[in-house]
Amino acid sequence: MLEAIVGTLGLVIGSFLNVCIYRIPRGESIIFPSSHCPNCGKRIRWFDLIPVLSFIILKGKCRYCKSPISPLYPVVEMVCCFLAIASIKVFGMSISAFLLFVIGCVLLYISVVDFKTYEMSVGNLLLLAILKLAFEVSIKGIAKTTIIYILLGPILNTFLVGLIYIISRGIAMGLGDVLLLMAGGIGFSVRQAIVCNFVAFFVAFLYVLGLKFVQSILKGNEKKREIPFGPFISIGIFVSTVAGERIADLYYQLIIVR
Ligand SMILES: [Zn+2]
C-alpha cells in the first residue's frame, strides 16, 4: 500500500520534473503559463496530463494537432516512480530516503537536459553536491563526516574520467562530466567509486551496442550525434549510492576464491 502511494507521488513529481526539464533551460517560468502544446499552442486539459496514462491514450500525439509528443515524458515519469519506491525500499520512511529520492530527481534532471542540450549548469551540480553531503550526514552522522572524508570520495570518483579529460584535452570527456562525478562522489568509499565508474562505463557500452544494432536495422538513416556521458554517470552515482558496497561484496564472493 505504501509503495502504491509513494509510487503515485513519484509519477506526479515526475510530471512536474518534465515541466522543469522543458522550461528551465529555456528561461521560462515553471508555474505560468499552464501546460500547452509546443506545436499548436493549445492549452492541455487536466485529463490529458495524467502521468504515463495520457501518453498511452493519446498514442504519443497531441489531441489537437497530432504532432508527436516526446517519449521522454512518460520515461521521466516512470523513472521518478521507480526512484520513489526504491528510496523507501532501501531506507524506509526516513530523511535519508527523502534525500536519496531528491538526489535521484536532480540526477534525472541533469541527465535529460544533458541528453537534449549537452549542457550541465553549475547551479545543478552544486545542488547535487549539497544534497549528497546532507545525505551522507543523515546516514553516518555529523561526527564521521570529516573534511578528509568529504574530499576523498570526489577525488577517487573523478580519477579515471579526470585523466581521460586531461589526456584528450576535453574532447573525450567534458568538464561537466568531471564535475558531475565530483559532486556525486561526495561520501563515496574506494569501492563505491569503482562501482560508480564501472556501472557508468558498462551501461554506456551497452547503450552504444544497442544504438549500433538499431542503426544497422535502420541502415544508418539516423543522424550521427555525439553521445552525452552525463546520463550514464548519473546511473552510476545512483546505483553506487544505493548498493555500491553490496555490489563490491558480491563481486568478491563471486571472484575471489577463498
Ligand atoms: Zn498540438
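Only this structure's heavy atoms are used, side chains among them; waters, hydrogens and symmetry mates stay out. Just so you know, ligand 1 is whichever comes first in the structure, and atom 1 is the first atom listed for that ligand. Residues: numbered from 1 along the sequence shown.
- Screening residues 65-106 for ring pair (Phe, Tyr, Trp, His ring centres under 6.0 Å) gives F91-F135 as the qualifying pairs, with residues at least two apart or on separate chains.
- You'll find the side chain of P74 stays beyond 4.5 Å of the side chain of P51, heavy atoms only.
- In this structure the side chain of M182 never reaches within 4.5 angstrom of the side chain of N157, judged on heavy atoms.
- Sorted by chain and number, the protein atoms of type N, O or S within less than 2.8 Å of the Zn ion (ligand 1) are C37 SG, C40 SG, C62 SG, C65 SG.
- Every pair tested for ring pair (Phe, Tyr, Trp, His ring centres under 6.0 Å) that includes a residue from residues 8-40 fails, sequence neighbours excluded, so the list is empty.
- The shortest side-chain heavy-atom distance between I44 and R63 does not fall under the 4.5 Å cut-off.
- Legend: residues meeting side chain to side chain contact (heavy atoms under 4.5 Å, CB included) with F201, ordered by chain and number and at least two apart, are L160, V161, I164, M173, N197, F229.
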